Participant: 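One structure coming up, written as structure tokens, with questions to follow.
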There are 2 protein chains.
Amino acid sequence: MPDKELKLQRAGMPNTRPVMLAIAGDSAAGKTTLTKGLVKALGEDRVTAVCVDDYHRYDRTERKDKPFTPLHPDCNYMDIMAQHLQLLATGQPILKPVYDHSSGELVRPELVEPREYVIIEGLLPLQSKLLRACFDVAVYLDPPEDIRVAWKLARDTSKRGYDEETVRKELERRAPESEEHIQSQKQFADIVVRFAPIPGRDDPDEPLSAELLLRPTIRHPDLSEVLTNSRSHAMHLKMLRDDDGRPVDALHVHGYVPREDVRPLEEAIWEELDLDMPLPEDLGDAGDGQRSEPLAITQLLLLRHMLTAG
Amino acid sequence: MPDKELKLQRAGMPNTRPVMLAIAGDSAAGKTTLTKGLVKALGEDRVTAVCVDDYHRYDRTERKDKPFTPLHPDCNYMDIMAQHLQLLATGQPILKPVYDHSSGELVRPELVEPREYVIIEGLLPLQSKLLRACFDVAVYLDPPEDIRVAWKLARDTSKRGYDEETVRKELERRAPESEEHIQSQKQFADIVVRFAPIPGRDDPDEPLSAELLLRPTIRHPDLSEVLTNSRSHAMHLKMLRDDDGRPVDALHVHGYVPREDVRPLEEAIWEELDLDMPLPEDLGDAGDGQRSEPLAITQLLLLRHMLTAG
């Protein structure tokens with residue numbers, strides 16, 4: 001019986017389509033830190049996180065003879081990346097290539113099965129129309145260049161074993177391709193996140209603030225009730241003109257506001273989701289024991305998008 | 001003319017679907033030898049040959065703790081294999097896993113782009129319905145077990161560096177899974193090819209003959225004209241009952257007939273294809289300097305199917 005066959009087939013294959021989130025941005029822009037909090041908040045058993053920087057066409061040795069850096073689409077299997085994201089977006093598993101960042105070698109691929117939520121982070125996840133079509137929500141991380149350089153130096157000289165001069169030279173070498181291929185993805189994001197000091201406030205020890213451009217390409221939550229809250233000095237919404245001249249909402253989350261003043265806002269945003277669980281404690285973990293309430297608010301808004309998408 | 005139509009169709013359609021041929025069979029059944037001649041005859045620039053024995057889920061070390069051999073579907077990424085064959089069948093590239101048979105390790109995957117013709121050979125290409133749906137023509141290689149053992153011993157002790165006892169033990173260990181998962185694919189082939197001595201003729205130096213079961217699951221060429229040829233003692237068509245009792249045509253190609261008597265038949269089959277090129281010389285190359293006219297005839301019939309499929 002054909003319909004019975006179909007039923008059996010459906011029973012065997014929970015063909016659910018996951019909610020897909022893209023987190024794009026240059027090296028050391030904060031993609032992994034942002035992702036980690038989301039994974040912990042949703043639960044590892046409900047999220048598949050994939051880094052698309054593993055789709056390198058060449059290993060480190062082969063790249064030496066090439067006229068481009070790993071930021072260039074020609075240095076990556078962009079077609080296969082798009083194919084794999086399409087498969088994940090339709091609930092199918094992939095055999096994902098793996099690039100070993102310590103040895104610079106391409107190694108044994110790994111099976112990746114999409115769970116309820118899929119987070120795709122990397123340098124180029126929004127680089128083509130086909131890639132962009134895979135996502136429910138697309139984020140671009142856009143820290144000011146001096147802050148990104150500081151983050152990259154801190155990470156690459158400690159965790160990746162490079163010396164400062166090598167990192168600076170590599171940044172310089174990559175700059176034109178960063179502008180052409182990475183930063184150009186900013187225009188395709190639904191949300192642009194910028195962790196930065198507030199202009200004019202020059203205290204280097206003050207925690208970074210966040211500016212989130214909430215573009216009308218997706219429906220953003222109505223924050224009016226949260227923002228009329230008595231502690232709304234922690235963040236505010238402001239209309240701006242976007243890079244292309246179109247009006248856009250910018251949510252400013254102030255880094256100088258103490259945690260106890262931000263926490264009620266976080267609770268309020270969380271409660272609106274009406275989930276049967278407390279506000280996840282892992283939000284706002286900026287690594288190395290640091291906390292960032294602007295990061296927590298950013299993660300909360302992304303969680304909200306993920307939980308209500310699809 | 002079918003092949004001209006095909007050419008026009010291909011010229012007009014950039015996203016062409018390749019003709020897909022499956023060659024299934026147990027280890028050392030002759031899959032690679034059969035494939036090589038087809039690739040050379042069609043031209044390497046027109047054929048993509050893929051071995052699906054690279055879809056191992058475990059490397060050699062990991063398999064030591066497993067209760068099955070590489071012949072078992074559970075030892076392979078069968079879903080990914082089916083996914084990749086579907087992608088190739090619809091003209092799309094894949095990033096294919098690679099199993100290094102000498103080291104027993106899973107290594108860096110490789111990009112495979114489907115050309116006009118795709119030949120998929122291996123242990124399990126017909127193992128599932130989804131896999132079988134990918135092929136225009138499916139072949140199963142079915143040599144008698146004593147001949148396959150001799151072929152496997154010859155190859156594995158020379159080219160793969162094993163001793164005879166190890167190979168025999170491995171064959172024994174694999175026998176139940178071979179029956180359950182490999183030989184069970186025979187029923188799904190359009191053509192079953194059996195290279196074997198003719199029963200009752202006991203000369204061990206006589207070249208092997210071939211029996212080709214031509215099942216009515218695809219349309220086979222009308223060989224009547226070729227077979228009424230004066231030199232038709234080289235081969236003949238005989239009606240048999242198949243394993244399931246259904247009538248089937250069996251083409252017998254006699255290994256004892258000298259090359260000069262078979263050659264006109266090969267020419268006749270080739271000419272019917274009306275291609276603007278001479279009969280390829282590489283057909284019938286059985287490896288190690290040996291020639292086999294039954295192999296050449298088998299390859300010719302498969303070429304004919306490939307050139308007229310689609």
Side-chain angles (χ1 to χ4, degrees), chain A residues 2 4-6 8-10 12-15 50 52-63 73-114 128 130-131 134, chain B residues 14-15 48 50-63 66 70 73-114 122 124 128-134:
Chain A
K4 201 178 172 189
E5 240 169 60
L6 199 68
L8 279 168
Q9 213 177 8
R10 280 182 195 287
M13 293 199 299
N15 210 9
V50 173
V52 285
D53 300 345
D54 283 338
Y55 287 79
H56 285 337
R57 193 180 281 269
Y58 309 105
D59 65 20
R60 197 175 287 156
T61 311
E62 290 162 347
R63 284 204 305 273
D74 289 354
C75 200
N76 294 274
Y77 288 122
M78 297 308 295
D79 289 352
I80 299 291
M81 193 194 294
Q83 179 188 89
H84 284 194
L85 294 199
Q86 283 176 87
L87 287 164
L88 291 174
T90 52
Q92 294 168 78
I94 58 165
L95 201 56
K96 193 188 73 71
V98 176
Y99 179 77
D100 182 336
H101 282 271
S102 59
S103 69
E105 284 173 357
L106 288 153
V107 296
R108 169 183 182 166
E110 63 185 16
L111 188 74
V112 173
E113 289 177 299
S128 73
L130 197 52
L131 285 165
C134 296
Chain B
N15 204 10
T48 303
V50 174
C51 175
V52 283
D53 300 344
D54 283 336
Y55 287 78
H56 285 338
R57 194 181 281 269
Y58 309 106
D59 64 21
R60 196 175 287 158
T61 311
E62 291 161 348
R63 283 204 305 274
K66 299 283 179 287
D74 289 354
C75 199
N76 294 274
Y77 287 122
M78 296 307 296
D79 289 353
I80 300 291
M81 193 196 292
Q83 179 188 89
H84 283 194
L85 294 199
Q86 283 176 86
L87 288 164
L88 291 173
T90 52
Q92 294 169 77
I94 58 165
L95 202 56
K96 192 188 75 68
V98 176
Y99 179 77
D100 182 335
H101 282 270
S102 59
S103 70
E105 284 172 357
L106 287 154
V107 298
R108 169 183 181 165
E110 64 184 16
L111 188 74
V112 173
E113 289 177 299
L124 297 164
S128 73
K129 202 169 171 177
L130 196 52
L131 285 165
R132 298 191 288 273
C134 295

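Computed over heavy atoms, backbone and side chain alike; hydrogens, waters and symmetry mates excluded. The structure displayed is predicted, hence computed values, not measured ones. Lettering of chains follows the sequences in order, A, B, ..., and the numbering in each one begins at 1.
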Participant: Among B:V98, B:L95, B:I94, which residue has the highest count of heavy-atom pairs closer than 4.5 Å to chain A?
Facilitator: B:L95
Participant: Heavy atoms, side chains only, cut-off 4.5 Å: are B:H56 and B:Y58 in contact?
Facilitator: no
Participant: With a 4.5 angstrom heavy-atom cut-off, is it the side chain or the backbone of A:I80 that approaches chain B, or both, or neither?
Facilitator: side chain
Participant: Could you tell me which portion of B:L87 (side chain, backbone, both or neither) has an atom closer than 4.5 angstrom to a non-hydrogen atom of chain A?
Facilitator: side chain
Participant: Out of B:K96, B:R57, B:R108, B:Q83, return the one with the most heavy atom pairs under 4.5 angstrom to chain A.
Facilitator: B:R108
Participant: When you compare the side chain of B:L124 with that of B:N76, does any pair of heavy atoms fall below 4.5 Å?
Facilitator: yes
Participant: With heavy-atom distances below 4.5 Å as the criterion, would you say the side chains of A:M81 and A:S128 are in contact?
Facilitator: no
Participant: If I take atom CD from residue A:E62 and atom SG from residue A:C75, how far apart are they, to the nearest 0.5 angstrom?
Facilitator: 9.5 Å
